[in-house]
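Keep in mind that this is a model prediction, so the values were computed, not measured.
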Amino acid sequence: MEHTQTHDGPTDLGGDGPTGAESSRLVGSDRVLAVLGELARYPDGVGLEELTRAVGSPKPTVHRALGALRRAGFADQDDRGHYVLGDEFLRLAFAHHEARPEHLRLRPLLHTLAARFGETAHYAVLDGREVVYRSKVDPPAGAVRLTSTVGGRNPAHATGVGKLLLAHQLDTLEEVEEWIGDFPLERRTPRTLCTAQDLHRELRAIRARGHACDDQENEAGVNCLALPLYATSPTTPSGAVSISALTYRTPLSTLLDALDEIRAVLGPLGEPRR
């Protein structure tokens, strides 16, 4: 079924002189971008009336903006006449995303955290029973540094990043038991959680509070605070960011006291979008 077409001429940017034209051009561009941004909130499509109310602009203005977006391939209409993001917009977005690996996009956040606390910041992802470190930023020169490496691995159940990501995958005790299977959990330190019951209880607590801690569970003398990052999905963490600190220098309580500040550094990437 063919899509309904809008028959708009070029977007009227108005203005009589150079100054007026420049001002009107900015307003017109802002309106088109506002419509595009609002359109992204409706993956199943949205009608013109509802979109007009959401944007808060007159219907003819929104209609002209949609016409401009459709001519660029940034918007389209489905067989119900609802507006959706266009294939060209999605193609550009995905191509750009693939050209910017997530760990490169996240390095500025890691640099900020490492400089703020004088400790090591990591970005890690879950790979089966282990976490893999995709990016690492050490503290400024002169500070004692951790021996972790990019590409290195650690047991998921013993790390803050691993437990946080497991909390988003293993909801029940039965799922935790199935994940453990016939392979006992390695006890890295006397504090490592090594039973299904203990790990399930910890994962449930992590889901409730939204962050995970490693209180010398992977390595004696090192603690960690981990938070999720939604770099590739609005609802499922792509990985987790952690601040790993020497206990004598930065106690876990210090990291927990700065939790709101850390969340502010992560910004929208640290929050799911429903």
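- One hydrophobic cluster holds both L185 and L165 under the rule that ILVMFWY side chains link at heavy-atom gaps under 4.5 Å.
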(request) Under the side chain to side chain contact (heavy atoms under 4.5 Å, CB included) rule, what do R134 and V150 come out as? Steps first, then yes or no, please. (result) CA-CA 5 Å; R134 290 281 183 84; V150 174; 5.7 Å; no
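- Counting only distance, with no hydrogens or angles, the side chain of R129 and the backbone of W179 share a donor-acceptor pair below 3.5 Å.
- Here the shortest heavy-atom pairing between G128 and L126 reads O-CD1, 3.8 Å.
- With a 4.5 Å cut-off on side-chain heavy atoms, L85 and F74 do not count as touching.
- Following chains of ILVMFWY side-chain contacts shorter than 4.5 Å, one cannot reach L269 starting from L164, and the two form parts of different hydrophobic clusters.
- Checking side-chain atoms of T61 against main-chain N and O of S57 turns up no donor-acceptor pair under 3.5 Å.
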(message) The test is side chain to side chain contact (heavy atoms under 4.5 Å, CB included); show your working for Y42 and V84 and say whether it passes.
(response) CA-CA 7 Å; Y42 298 89; V84 296; over 6 Å; no
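- For the residue pair T195/D198, the side-chain donor-acceptor check at 3.5 Å is satisfied.
- A donor-acceptor distance shorter than 3.5 angstrom exists from the side chain of E217 to the backbone of D215, with no hydrogens or angles considered.
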(request) Please test F117 against L255 for side chain to side chain contact (heavy atoms under 4.5 Å, CB included), starting from the C-alpha separation and ending with a verdict. (result) CA-CA 8 Å; F117 294 97; L255 297 177; 3.9 Å; yes
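- Between the Q216 side chain and the G221 main chain, a donor and an acceptor come within less than 3.5 Å of each other.
- Between the side chain of K163 and the backbone N or O of A156, no donor-acceptor pair lies under 3.5 Å.
- A 6.0 Å sphere centred on CZ of R209 holds more than 12 heavy atoms belonging to other residues, nucleotides or ligands.
- The closest donor-acceptor contact from the side chain of D127 to the backbone of E130 lies at 3.5 Å or more, if one exists at all.
- Within a 6.0 Å radius of CD in E261, more than 12 heavy atoms belonging to other residues, nucleotides or ligands are found.
- The shortest side-chain heavy-atom distance between L229 and P237 does not fall under the 4.5 Å cut-off.
- With hydrogens and angles disregarded, a donor-acceptor distance shorter than 3.5 Å links the side chain of T192 to the backbone of T189.
- Judged purely by distance below 3.5 Å, without hydrogens or angles, the side chains of T159 and Y133 never pair a donor atom with an acceptor atom.
- At least one donor-acceptor pair closer than 3.5 Å links the side chain of E175 to the backbone N or O of T172.
- Considering only heavy atoms from C-beta on, V137 stays 4.5 Å or farther from T120 through its side chain.
- A donor-acceptor distance shorter than 3.5 angstrom exists from the side chain of R207 to the backbone of A167, with no hydrogens or angles considered.
- Linking Ile, Leu, Val, Met, Phe, Trp and Tyr whenever their side-chain heavy atoms come within less than 4.5 Å leaves V161 and L193 in two separate clusters.
- In this pair, Y230 and H168 present their aromatic rings perpendicular. The plane angle is above 60°, beyond the 30 to 60° band.
- Connection of I206 to L266 is not established within any shared hydrophobic cluster, with ILVMFWY side chains joined at heavy-atom distances below 4.5 Å, either directly or through further cluster members.
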(message) Applying salt bridge (Lys or Arg N to Asp or Glu O under 4.0 Å) to E202 and R191, what does each step give before you reach the verdict?
(response) CA-CA 13 Å; E202 174 73 354; R191 299 190 178 192; over 6 Å; no
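- A heavy-atom distance below 4.5 Å is found between the side chains of N218 and P155.
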(message) Please determine whether salt bridge (Lys or Arg N to Asp or Glu O under 4.0 Å) holds for the pair E88 and R91, giving the CA-CA distance in whole Å, both sets of side-chain angles, and the decisive distance to 0.1 Å.
(response) CA-CA 5 Å; E88 178 63 11; R91 184 190 69 79; 2.7 Å; yes
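- Donor-acceptor pairing under 3.5 Å is recorded for the side chains of S148 and H122.
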(request) Output, in order, the C-alpha distance, side-chain angles, deciding distance and verdict of side chain to side chain contact (heavy atoms under 4.5 Å, CB included) for V241 and L109. (result) CA-CA 9 Å; V241 161; L109 303 180; 5.7 Å; no
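- Expressed to the nearest 0.5 Å, how far CG of L66 lies from CZ of R71 amounts to 10.5 Å.
- Cluster membership for L227 and L203, using ILVMFWY side-chain heavy atoms within less than 4.5 angstrom, is not shared.
- Between the side chain of R80 and the main chain of H82, no donor-acceptor pair closer than 3.5 Å is present.
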